[in-house]
Amino acid sequence: MTHPEAPLAEVRRQAIPAVAASSLTVKLGRRTVLAGLNFSIPAGRITGLLGPSGSGKTTLMRTIVGAQRIAGGTVEVLGLPAGSATLRRQVGYVTQSPSVYPDLTVEANVRYFGAMHRKGKADVAEAVAAVGLEALARRKTADLSGGQVNRVSLACALVAHPRLLVLDEPTVGLDPVLRADLWERFRAMARAGTTLLVSSHVMEEASRCDTLLLLREGRLLAQLTPDELSRRGHSSNLEQAFLAIIRNADHAGTGDEPEAVASSRPEGTVH
Amino acid sequence: MDILMMLATTRRVLSQLRHDHRSIALILVVPALLFTAVYFLYENEVLPPGVPRTFDRVGLMMLAIFPFVVMFLVTSITMLRERTSGTLERLLTTPVHKADLLFGYGVAFSLMAALQSLVATAVAYWIFGLDIAGAPGYVVLIAVINAVLGVALGLFCSAFARTEFQAVQFMPVVVVPQILLCGLFVARDRMNDVLEAISNVLPLTYSVDALQEVAAHTEATSRLWQDAAAMAGISLGVLVLAALTLRRRTA
């Protein structure tokens, strides 16, 4: 629900979804990885993409950033077909395994990716600070710990100030304190108008999202809020709730059709 | 094409290289050492008067071959890492143009090649008294064009390798035939027709031919410029092919 006192800009932002997919199908070779997905991701919100490994989360994210060829259907990102040249200025993508240069310093990595968006020193310093690596800015990335390298990779996306930020399992390997810090940052970015799509297989993180997309074997099981998830799964523990929904889906038959909630409410009107 | 993004790429590639002392040594020191070895190999050569030293011929050609081989190797591995580590895919989701990346690489390694050939040529002239008619500046020019060729082929071949091991396997396929047929071992006009025809389409042939022109004439000849133009054209063509292997969207 949009609050009545929300400023006009907020209302406008809500009007166009950040991502809208219709009958989206993706094949890798002869295998169907995403099977006719219909959903929309609301702008200025955090959307969680949840599902077991191998459910198609990464493929869906690659499709949204325009790195994946589509076999059928459409995906529109910020009003344009995914992969359009203008979107490259507006969409940030953080891959699951950190894609940075290990033989460069933290700062040099962020500076390089920043240069691709014409961002200068101030933006680089800001992005490095945002992930809490100021003290290590001049260290070689290869010498950092796994969690720190992940944060370098994140900083390389933050430096561009994207309107849509797509994050593939950004909190893997982070300690609880850092994970909480990072989620606070995501929340602050969403408040400032950035749309975030965050994949995770840690259900505890689902509660921090505004909307959830539940993916299983390339099909959309449901799009709902964390509250709805716990209600429909009959558990305040989101992991239990998710498992319950998966079992229901398995019992419901062949699973050819996503459940009613997903197909009847593709507009993400769940706030 | 965006000059700032290209220069940022050049700067990034060079600073990656700066941290890699072995590659620096491979580029700057190894050619000079090999050159020294070749000199002593022919040290006791007995020649009838008036016949040029074998060292002058072979040494000169080595000045063309080094940058080609070394840059091919360094570029194909660097680019392969870029492809397998995900940085390439990530870069291609940013506004960077493919040409910015490729030319960024080209400029970075050409600078290294220029340094390499300055060192190797200086050693050849001042320490071993390499005796050729033309100016050493032309030798450096040909060496740099050769390096660009090596960079272009390396960028292109990296698309067909999945691992660094596979990338190195291109050496005997792409590089060795060119060394065999470029005129270093047997003069090209004494090869049989088939080999000579193959030799005619291999880019390294033109650089060896160009260096022979430099060796024989004090001034730049039109044939030298033709050879240089042919090499530049081939390099550009291979760079375009390399650009086609960079896909923003994959299946």
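Convention: sequence-line order gives letters A, B, ...; per-chain numbering from 1.
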Please name the pair of heavy atoms, one in B:Ser85 and one in A:Ser99, separated by the smallest distance, quoted to 0.1 Å. O-CB, 3.7 Å
For chain A, find which of B:His97, B:Glu82, B:Arg81 contributes the most heavy-atom pairs closer than 4.5 angstrom. B:Glu82
For B:Ser15, run the side-chain contact (heavy atoms from CB on, under 4.5 Å) check against A:Thr105, A:Asp103, A:Leu104 and tell me which one passes. A:Leu104
What part of B:Glu89 gets within 4.5 angstrom of chain A, counting heavy atoms only: side chain, backbone, both, or neither? side chain
Can a side-chain donor-acceptor contact be found between B:Arg12 and A:Tyr101 if the only test is distance below 3.5 angstrom? yes
Please state whether the side chain, the backbone, both or neither of B:Arg18 comes within less than 4.5 Å of a heavy atom of chain A. neither
Verify the neighbour count for atom CZ of A:Arg89: are there more than 12 heavy atoms of other residues, nucleotides or ligands below 6.0 Å? no
Please look at A:Ala115 and chain B and tell me whether the side chain, the backbone, both or neither of the residue comes under 4.5 angstrom of a heavy atom of that chain. both
Looking only at heavy atoms, what is the nearest atom pair of A:Met116 and B:Leu91, with distance? CG-CD2, 4.0 Å
Whatever's closer than 4.5 Å to a heavy atom in chain B on A:Ala82 counts as backbone
A:Pro98, part contacting chain B, at a heavy-atom distance under 4.5 Å: backbone
Please classify the contact of A:Ala160 with chain B as side chain, backbone, both or neither, using a heavy-atom distance under 4.5 Å. neither
Which value, rounded to the nearest 0.5 Å, describes the distance between B:Arg249 atom CZ and A:Gln68 atom CD? 9.0 Å
For B:Leu4, is it the side chain, the backbone, both, or neither that has a heavy atom closer than 4.5 Å to a heavy atom of chain A? side chain
Atom CZ of B:Arg83 with >12 non-hydrogen neighbours under 6.0 angstrom: yes
N-O pairing of A:Arg118 and B:Asp2 below 4.0 Å: yes
Does one side chain, of B:Arg90 or A:Ser153, offer a donor that lies under 3.5 Å from an acceptor on the other? yes
Does the side chain of A:Tyr93 come under 3.5 Å of the side chain of B:Thr94 through a donor N or O and an acceptor N or O? no
